[in-house]
Amino acid sequence: MNEQQNTQTVQEGYALFGKGDIPNLLNLYTDDVEFIIPGSAETVPFAGVYRGKEQVAAFFAKLHDAMDYERFEPQNYIAQGDRLVVLGFSKGKVRATGRTNEEEWAHSFIMQDGKVARFQAYLDTEASMKAFRSNRDMAEF
């Protein structure tokens, strides 16, 4: 697949995510896809490494249970060969704490035969952890 086709696949993925259509989103991934989300799973419930479509589906369920996004905007796509980086912005409320998490992020993709084989998020882990901490935890922070 060429860079334009890879970019279109990832754009389609973001559109499906925005609609909450996770079953069709999973069709854009290889069977052995790897997702890497930074942070401590003790604080940010969806942080961790997920391998395979079943685990990635569990990630999306955890993300949905944890966050209510007001904005989720991929803004710039940078493609080279089978690699793609997307720069974007998101603003959402943590369901458990009511705190807002607003951040710029980068998503790195490795494509294989037109599908996502690896995804890694780069984000402000300190801001995420603060948004997920309870008021009691914040007093200790």
Side-chain angles (χ1 to χ4, degrees), residues 1-112 114-141:
M1 302 302 273
N2 66 36
E3 294 164 356
Q4 183 178 6
Q5 291 168 319
N6 288 338
T7 300
Q8 288 173 342
T9 297
V10 170
Q11 287 172 328
E12 180 183 351
Y14 283 121
L16 290 167
F17 172 75
K19 295 177 194 173
D21 188 351
I22 303 309
N24 281 317
L25 175 58
L26 292 172
N27 291 330
L28 301 179
Y29 303 148
T30 61
D31 290 337
D32 61 348
V33 63
E34 180 178 53
F35 260 52
I36 302 169
I37 312 298
S40 166
E42 292 177 9
T43 307
V44 181
F46 52 83
V49 178
Y50 302 86
R51 291 184 177 91
K53 288 183 180 182
E54 188 173 311
Q55 286 187 11
V56 171
F59 156 76
F60 282 114
K62 289 178 185 180
L63 179 64
H64 178 268
D65 290 345
M67 293 294 301
D68 182 20
Y69 283 106
E70 177 183 321
R71 291 174 58 192
F72 191 90
E73 302 170 355
Q75 297 170 330
N76 296 298
Y77 295 80
I78 305 157
Q80 184 175 6
D82 65 352
R83 298 186 180 263
L84 188 71
V85 173
V86 181
L87 305 176
F89 173 82
S90 65
K91 180 179 180 180
K93 187 176 287 189
V94 175
R95 295 182 196 275
T97 65
R99 287 196 175 85
T100 298
N101 187 31
E102 186 172 338
E103 63 189 353
E104 293 180 345
W105 46 257
H107 291 166
S108 171
F109 296 85
I110 297 177
M111 307 297 289
Q112 181 182 334
K115 293 189 173 196
V116 175
R118 187 171 190 271
F119 167 85
Q120 185 163 0
Y122 297 89
L123 45 91
D124 185 346
T125 54
E126 183 177 355
S128 295
M129 290 178 68
K130 283 182 181 179
F132 276 92
R133 284 197 169 98
S134 68
N135 288 332
R136 182 180 58 84
D137 291 341
M138 286 301 287
E140 297 171 6
F141 189 66

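Basis for what follows: all heavy atoms, side chains included, without hydrogens, waters or symmetry-related copies.
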Just by distance, do the side chain of [X] and the backbone of [Y] share a donor-acceptor pair under 3.5 Å?
X: T9; Y: K115; answer: no
X: E70; Y: G92; answer: no
X: R95; Y: M67; answer: yes

Mind checking the [atom1]-[atom2] spacing from [X] to [Y]? Nearest 0.5 Å is all I need.
X: K130; Y: T100; atom1: NZ; atom2: OG1; answer: 14.5 Å
X: F60; Y: I22; atom1: CZ; atom2: CD1; answer: 5.0 Å
X: E3; Y: L84; atom1: CD; atom2: CG; answer: 9.0 Å
X: L63; Y: D68; atom1: CG; atom2: CG; answer: 10.5 Å
X: Q8; Y: Q5; atom1: CD; atom2: CD; answer: 7.0 Å
X: N27; Y: K53; atom1: CG; atom2: NZ; answer: 5.5 Å

Any idea which heavy atoms bring [X] and [Y] closest together, and the distance?
X: P38; Y: A121; answer: CD-O, 3.2 Å
X: S128; Y: N101; answer: OG-ND2, 3.4 Å
X: L87; Y: A106; answer: CD2-CB, 3.7 Å
X: A117; Y: Q112; answer: CB-OE1, 3.7 Å
X: L26; Y: A57; answer: CD1-CB, 3.7 Å
X: A131; Y: T97; answer: O-OG1, 2.7 Å

Is any side-chain heavy atom of [X] less than 4.5 Å from a side-chain heavy atom of [Y]?
X: V33; Y: F119; answer: no
X: V85; Y: Y122; answer: no
X: V86; Y: Y14; answer: yes
X: R118; Y: I36; answer: yes
X: T43; Y: R133; answer: yes

Ring centers of F46, F132 separated by less than 6.0 Å
yes
Ring centroids only, cut at 6.0 angstrom: are Y29 and F35 within range, meaning strictly under it?
yes
Mark yes when over 12 heavy atoms from residues, nucleotides or ligands other than [X] sit less than 6.0 Å from its [atom1]; otherwise mark no.
X: K93; atom1: NZ; value: no
X: Q75; atom1: CD; value: yes
X: E104; atom1: CD; value: no

Can you check side chain to side chain contact (heavy atoms under 4.5 Å, CB included) on E34 and I110, steps first, answer last?
CA-CA 10 Å; E34 180 178 53; I110 297 177; over 6 Å; no
Carboxylate-amine/guanidinium contact R51 D32, below 4.0 Å
no
Taking the six-membered ring for Trp, are F72 and W105 parallel (under 30°), tilted (30 to 60°) or perpendicular (over 60°)?
parallel
